[in-house]
Amino acid sequence: MKRVVVGLSGGVDSSVAAYLLQQQGYEVIGLFMKNWHDDSVTISNECPWLEDSNDALLVAEKLGIPFQTVDLSEEYKEKIVDYMFNEYEKGRTPNPDVLCNREIKFDVFMKIALSLGADYVATGHYCQKSEIEVDGKPVYQLIAGADTNKDQSYFLCQLSQEQLSKSLFPIGALTKPEVREIAAEMDLVTAEKKDSQGLCFIGKVRLPEFLQQKLQPKEGKIVQIDKNDSIYTIERPTGLSLEEELKLEAQKRNYLPTMGKVVGKHQGAHYFTVGQRKGLNVGGTTDPLFIIATDVETNTIYTGLSSQHPGLFKKALFIEKSEVHWIREDLALKVGETMEVMARIRYRQPLQKATLHQFEDGMYVSFEEPQSAITEGQFVAWYFDTELVGSGVIS
């Protein structure tokens, strides 16, 4: 009998995952990960992790499976929280959910599970796994969840073959309504529970307030750049190599405070991200203002009017060599090779046609259509049909 450790989060998805595994004849153990308990930053005095671990315990009792809580807050602080502060300080925008899966759930947590004699670790993610054979060896595929509305393959884009080989995603073939229905039939306490919002670890904390503990506020200017500014009509030199052309497409535009008019003040460029439009508190404009760039060196935020402002769009992005990650190592590109894929640069984005170009010092992803708000520090993931084959950090 194979033993599976399920990460019970206190939500409906992982509850049903545990139940389904039990139905399939696995020996199931429930483990709740306590990742964060710095009460100085939660907004209200609700204690989300206590409530969640309690729900997880009730589900385990209902299913009659052993249950324990593991405290991973040390590792969490070091691998996720500190990393986030560092990235924000540099003016980048990290993705804590992707990192949490790579560094915590499928690494630290997985090691604990394997030390308990588990054959597999299971989570309540909406994604699927399948296995094929390449050169006589098993190769694992990460496939999108059947519920296109809830597909979470993007959050697992940094997993390795090794991690996938020991992972199970019991609800990946179901839709959310089907999952809720099973929970209701089983009379699980989590059946009606709302989906958790916010960062995967801080519960009810708003990001700027979280960042403010470490990153000191400092006042800077909000500058508005005209859509007809000459920076958007730069003449391209002729006779460029493909790599030089892609480099031009992907590079950051160098804005200067003198290029536009000052429309307001902010409390720190590192609290803001490209593409953001809320929280600027600049009134009186015809269209909403969007952030087109932030500069933490000069502590300036650059904005443009409307979601169609040219400063928001780019056709290509670059991934440094060390940050290119293939789930399907057998498909990895060699220097000079290209590959047509479908890609997304954020979780909810519909897949976009793109081409990967592998060069000596990294990879360019060039899109058929210009993409809005390509953001440094975020992940780009690429797919063949419904299979996520690789990803990388946007540099």
Side-chain angles (χ1 to χ4, degrees), residues 84-95 206-212 214-237 246-318 344-349 352 365-367 369-378 380 393-395:
M84 283 181 67
F85 282 130
N86 272 330
E87 287 284 275
Y88 276 108
E89 220 158 21
K90 292 182 199 143
R92 290 161 54 113
T93 309
N95 188 316
R206 284 194 286 271
L207 194 61
E209 283 146 46
F210 175 65
L211 293 172
Q212 265 156 15
K214 277 264 173 68
L215 308 175
Q216 292 308 309
K218 58 173 188 224
E219 192 168 280
K221 293 179 174 140
I222 301 176
V223 174
Q224 184 183 331
I225 304 288
D226 191 279
K227 67 177 194 299
N228 300 317
D229 193 283
S230 60
I231 195 167
Y232 303 121
T233 52
I234 290 170
E235 284 299 306
R236 300 231 150 167
L246 288 164
K247 191 174 178 176
L248 270 183
E249 295 274 12
Q251 75 184 7
K252 255 182 137 162
R253 300 186 177 100
N254 289 319
Y255 296 104
L256 296 167
T258 50
M259 286 181 181
K261 56 176 185 181
V262 176
V263 290
K265 295 191 182 88
H266 62 81
Q267 290 308 307
H270 42 255
Y271 298 133
F272 294 88
T273 183
V274 175
Q276 183 177 334
R277 63 176 243 203
K278 292 193 170 63
L280 281 170
N281 300 326
V282 177
T285 56
T286 45
D287 289 296
L289 275 183
F290 286 80
I291 296 179
I292 56 175
T294 62
D295 183 342
V296 289
E297 299 297 309
T298 62
N299 196 29
T300 313
I301 288 177
Y302 295 97
T303 58
L305 278 185
S306 98
S307 60
Q308 296 310 306
H309 191 281
L312 280 170
F313 292 88
K314 281 201 305 200
K315 273 199 81 158
L317 60 85
F318 182 64
R344 57 167 54 106
I345 53 173
R346 57 182 75 85
Y347 165 48
R348 278 287 186 200
Q349 186 191 29
Q352 310 286 316
V365 182
S366 70
F367 292 91
E369 299 288 321
Q371 299 297 306
S372 176
I374 292 176
T375 308
E376 282 179 69
Q378 291 275 308
V380 54
V393 182
I394 300 171
S395 81

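Predicted, not measured: the structure shown is a model, and the values here were computed from it. Sequential numbering from 1 along the given sequence is applied to the chain's residues.
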Discussion item. Pair Leu305, Gln224 - check side-chain contact (heavy atoms from CB on, under 4.5 Å), show working.
Written reply: CA-CA 8 Å; Leu305 278 185; Gln224 184 183 331; 3.5 Å; yes

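- Separating the CD1 atom in Ile291 from the OH atom in Tyr302 is a distance of 13.0 Å, to the nearest 0.5 Å.
- Between the Lys221 side chain and the Thr300 main chain, no donor and acceptor come within less than 3.5 Å of each other.
- Counting heavy atoms from C-beta on, the side chains of Val223 and Tyr255 never come closer than 4.5 Å.
- With rounding to the nearest 0.5 Å, the separation of CD in Glu369 from CD in Gln371 is 8.0 Å.
- One finds the CD atom of Glu249 at 15.0 Å from the CZ atom of Phe318 (value rounded to the nearest 0.5 Å).
- Contact check for Glu376 versus Lys90: no side-chain heavy atoms found under the 4.5 Å cut-off.
- Summarising the geometry, atom NZ belonging to Lys218 is positioned 6.0 Å from atom NE2 belonging to His270; distances are rounded to the nearest 0.5 Å.
- Proximity of the aromatic rings of Tyr232 and His309 is defined here by a centroid distance below 6.0 angstrom, and this criterion is met.
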Fill in: Criterion side-chain contact (heavy atoms from CB on, under 4.5 Å) on Arg92 and Val393, from CA distance to verdict
CA-CA 11 Å; Arg92 290 161 54 113; Val393 182; 3.5 Å; yes

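- Counting heavy atoms of neighbouring residues, nucleotides and ligands inside a 6.0 Å radius, atom NZ of Lys214 exceeds 12 of them.
- Within the 4.5 Å cutoff, side-chain heavy atoms of Tyr88 are placed close to those of Thr93.
- To the nearest 0.5 angstrom, Glu87 atom CD is 10.0 Å from Gln378 atom CD.
- Annotation: Glu297, atom CD; neighbour count of heavy atoms from other residues, nucleotides and ligands within 6.0 Å does not exceed 12.
- Atoms CG and CD1, on Leu280 and Ile222 in that order, are 5.0 Å from each other to the nearest 0.5 Å.
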